[in-house]
Every structure is written in structure tokens, then in C-alpha cells.
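Start at 1 and go down the list; that is how both ligands and their atoms are numbered.
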Amino acid sequence: MIKRLIRRVLGLPAEVRVPRGQHELTRDAISPATARVCAALRAAGFSGYVVGGAVRDLLLGITPQDFDVATDARPEQVRPLFRRAIIIGRRFRLVHVMLGAETIEVSTFRAADPETAEKDEHGRVLRDNVFGTQEEDARRRDFSVNALYFDPQTEEVVDFHGGLADLKKRVLRVIGDPETRYREDPIRMLRAVRLAAKLGLTLDPATREPIRALAPLLERVPPARLFDEMLKLLLSGHASACLRQLRDVGLHKGVLPLLDVILEQPLGERFVTLALAQTDERVLAERPVSPAFLFAALLWHEVLAAWKARQARGERAMPALEAAMDDVLETQCAKLAITRKLTATMREVWAMQPRFEQRSGHRAYRLVEAARFRMAYDFLALRAASGEVPAELEAWWRAFQSADPETRKAMLLPETGPRKRRRRRRKKRPAEAASQPA
Ligand code: ATP
Ligand code: MG
């Protein structure tokens with residue numbers, strides 16, 4: 001009774017369990033494997049709900065990326081129920097159930113009691129690893145629309161925080177006191193921006209307001225987590241919208257060097273805008289995108305500026321480019337753990353750009369045959385589209401790569417003019433010229 005009254009005062013629906021008919025979700029919207037997992041949990045006497053992003057997306061008419069299941073069963077009680085299931089995770093254990101081609105993540109209801117959780121001096125939660133009730137599990141989640149549970153058997157939605165109403169109003173709202181929740185985990189500020197942009201939701205004023213002042217807290221987040229979240233943001237298919245939103249809420253300046261670069265650069269603005277638009281287009285068309293390509297694009301004008309500065313100080317072109325790449329990657333990787341595999345590809349793509357200027361003799365052939373030619377060429381195309389290099393250069397390489405041997409031969413430019421100096425040098429040191437890497 002009292003509970004109901006409190007809920008009404010808080011503007012929450014009186015009943016937590018919302019029966020079918022009062023919401024749009026039906027059991028045939030969820031994947032067969034997910035339905036089987038929930039049914040097996042039920043049959044063993046436990047609860048089994050679809051939870052989180054999947055419920056939210058389905059209610060918005062969006063196809064979910066994956067299905068997560070929440071239950072009151074402990075991991076060691078879940079695993080024996082399935083033929084192929086493993087317990088993963090050290091900090092928080094959950095079960096991966098493999099059914100056919102699908103992997104369903106099953107997690108046990110968890111409490112994140114802010115009183116007992118271990119925190120740093122800014123309120124960031126370092127450890128929260130206690131099992132709890134469904135209600136506690138809902139409270140630890142970030143946004144009301146992310147705290148909805150769907151029971152495939154009864155087709156009820158369990159809604160402790162007014163998530164259904166917020167979805168109807170298309171509002172993204174933090175559960176609890178926004179400032180406290182951002183202090184516990186500053187990544188939630190980036191998630192707010194990403195989810196709002198991706199789902200077309202508006203940030204509730206109270207959810208939006210504290211972000212500007214709390215932005216510096218992102219500096220304390222481990223670089224690997226920041227990288228994961230930035231990658232999600234950039235590959236969400238709504239990167240352009242996310243970045244506009246980041247600027248609007250005050251999450252740019254000084255927080256992440258990468259954001260400064262993206263949002264503040266006067267030089268490469270057109271280039272970055274094109275790169276992001278192209279990425280969004282590819283993601284939405286479900287074509288593959290390369291994170292390395294995207295990061296290389298986002299940082300290209302930084303590299304260019306550093307390269308020019310070094311050359312102006314008298315350094316030779318290629319060593320100066322190598323050093324410029326080091327400068328830029330060092331700054332970026334301090335805060336954002338861009339993986340080594342990614343930076344290696346970024347370097348290759350950058351280092352190949354000057355080679356597109358050379359359209360004579362065997363150099364052109366060697367470039368076309370290089371392992372990363374396709375990516376490097378796409379990069380060149382972006383540079384041409386942004387007006388950085390002549391469109392004619394891109395057109396030449398586009399034609400050259402698909403031309404037959406005869407045409408290719410006819411296309412090659414004569415080795416004249418500025419090439420002379422190099423030829424002279426090559427004569428002096430023939431061994432070095434011949435062993436240049438392709
Ligand atoms: P998407 O998968 O579309 O990126 P999502 O909301 O499913 O969005 P996940 O990272 O898959 O995001 O997280 C699953 C669920 O876990 C979320 O819906 C939310 O309930 C909870 N969650 C994730 N990250 C946090 C966080 N930082 N703080 C609190 N709850 C979180
Ligand atoms: Mg998800």
C-alpha cells in the first residue's frame with residue numbers, strides 16, 4: 001500500500017508488473033534461443049527475463065544487437081541447465097549459453113549498494129559484486145529505459161523506474177540522482193550521449209544538466225574502457241549526431257585529446273565531417289567499417305600539422321612523418337588505449353599517403369600491390385573529397401588500379417622535374433634504393 005503511494009508520488013506507475021496489452025512487446029519479437037534460455041530457467045524454478053538494451057530497442061521498433069537474460073539463479077545453478085554453457089568473468093561472473101549460432105549472456109540479479117561499494121575519492125565505484133534482488137538489479141542500471149525486464153512466458157514487462165513512460169515520451173533519464181550516478185561511473189555521461197543520439201531520445205534536463213561540470217571526471221576512467229566506449233560511439237551509425245550532442249552537453253574541451261581533435265579542429269573539419277558521415281552511412285547499410293581507418297581519419301590533420309612543423313624545422317620528409325605519427329599517437333594513447341593492432345594499421349595508411357604522389361615507374365606498381373593499398377586508396381579518396389589533394393590524383397589511382405597492363409603502362413607519368421634529384425641519389429647509392437620496402 002505505502003509502496004504504491006510512494007510510487008505514485010514519484011510519478012511512477014503504481015504497478016511494477018505491466019501486463020501484456022498495456023505495452024507493445026510480444027514474445028515472438030525475441031530470438032528463439034533467448035526464449036529457450038528463459039523457458040529452461042523457468043522450468044528449473046528460477047526467473048528468466050530479457051533485459052536491458054534488447055527490451056528497450058524492441059519497444060522502439062529497433063532490431064536489438066544482442067539479447068541479455070537476467071535471472072535470480074546463481075551462475076553455478078545456470079550452467080548445468082544447458083549443454084553448452086560456460087561461466088565467464090572474474091569480477092562479476094556470468095554465464096554464456098551457446099545455442100546454435102547464438103550466444104546468450106545470462107547474468108544473476110546484482111545489487112550495487114552505493115553504501116558498501118568500494119569507491120575512489122571522486123565517488124567512482126571500483127568494485128560492486130554482490131548478488132541482489134530484481135529491484136536492486138534495476139536500480140544499479142543507468143537509465144530508466146535500460147532497466148526494463150520482459151518475461152517471455154507471461155509477456156509482462158517489469159518496470160521499476162518508469163522506463164515505459166519515458167520511452168513513450170522519448171526521454172532518456174538517469175535512474176536516481178544524476179550527479180551521484182555519473183560520479184560512480186563517468187562513462188555513463190558518454191553513454192547518455194550515445195544512446196540519445198542512437199535512439200532519437202531527448203536527455204531529460206536533470207540528466208543533462210550536471211554533465212558539463214562533471215566532464216573532467218572522464219580523465220579518471222581507465223583508458224581501455226574509454227576506448228571501448230568511444231569505439232561504440234563512433235561505430236554506432238550515428239557518430240555525427242553523437243558528436244554534435246557531445247558539444248551541446250559540454251563534453252568536449254580538454255576531456256579527451258581525441259574529442260578536442262574532432263570537435264575543435266579548424267583545419268580538418270571538412271575531412272573529419274566527411275569521414276564520420278561516410279562511416280555512419282556504411283554502418284547503417286550494414287557494410288563493414290574499419291576502426292583503424294576511422295581513427296586514422298580522425299587524427300590525420302593532427303599528423304599533417306606535426307609533420308609540417310617538423311619539416312619547417314629542417315627535418316627530412318619521411319623521418320619527419322614517422323616522428324609526427326609518434327607524437328600524435330603518444331598524446332592520444334595516454335588517455336585512450338587505442339590498441340596496438342589498430343595503431344599499426346593507422347601508421348601504414350598514413351605512411352602510404354605521400355607515396356600516392358609518385359606516379360612513375362615501378363613505384364606506382366609497388367604501391368598498388370602493397371597489402372594495405374585498398375584502405376590507403378580509400379583514405380586518399382577522402383582527402384580528395386575534402387579538397388586536400390586534387391581530385392585528379394584520386395581519379396588517376398582509381399583508374400590505374402583497375403586498368404589492364406597496357407593501359408597502366410600508358411598512364412605512368414615520366415620521371416622528370418623534381419624526380420631528378422632522387423635519381424641522382426639513387427645512382428650514388430643503388431643498394432639502398434633497391435631495398436626500399438614495397
Ligand atoms: P547497446 O548494446 O545498444 O550499446 P545497451 O544499453 O544494451 O546498449 P550494454 O553495454 O550492452 O548497453 O549494457 C547492457 C545493460 O547493462 C544496459 O542496458 C544497462 O542496463 C546496463 N549497463 C551498461 N552499462 C552500464 C553502466 N555504465 N552503468 C549502469 N548500467 C549499465
Ligand atoms: Mg547491449
What class does the angle between the rings of [X] and [Y] fall in, given that below 30° is parallel, 30 to 60° is tilted and above 60° is perpendicular?
X	Y	value
F400	W397	perpendicular
Y149	F160	perpendicular
F293	F379	perpendicular

[X] N/O to ligand 1 N/O under 3.5 Å:
X	value
D185	yes
D68	no
K232	yes

**Item:** Pairs satisfying side chain to side chain donor-acceptor pair (under 3.5 Å), at least one member in residues 25-46, at least two apart
**Value:** T26-D28, S31-T34, S31-E102, R42-D151

**Fill in**
Applied to residues 283-298, the side chain to side chain donor-acceptor pair (under 3.5 Å) test, sequence neighbours excluded, yields none

**Message:** Ring centres under 6.0 Å, that's the criterion: do F227 and F295 meet it?
**Reply:**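 Judged by ring-centre distance (under 6.0 Å), F227 and F295 do meet the cut-off.
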
In terms of atom number and element, which parts of ligand 1 are under 4.0 angstrom from non-hydrogen atoms of [X]?
X	value
K198	1 (P), 3 (O)
R188	26 (C), 27 (N), 28 (N), 29 (C)
G52	18 (O)

Which residue and atom name correspond to the protein heavy atom nearest [atom], and how close is it?
atom	result
atom 5 (P) of ligand 1	R56 NH1, 3.7 Å
atom 24 (N) of ligand 1	R191 CZ, 3.2 Å
atom 16 (O) of ligand 1	R141 NH1, 3.6 Å

**Request:** For ligand 1, note which part of R140 has a heavy atom under 4.0 Å away: side chain, backbone, both or neither.
**Result:** backbone

**Message:** Is the contact between D142 and ligand 1 made by the side chain, the backbone, both, or neither, using heavy atoms and a 4.0 Å cut-off?
**Reply:**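 Contact part for D142 vs ligand 1: both backbone and side chain.
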
**Request:** Provide the closest heavy-atom pair for L172 versus A192 in the form atom of the first, atom of the second, distance.
**Result:** CD2-O, 3.4 Å

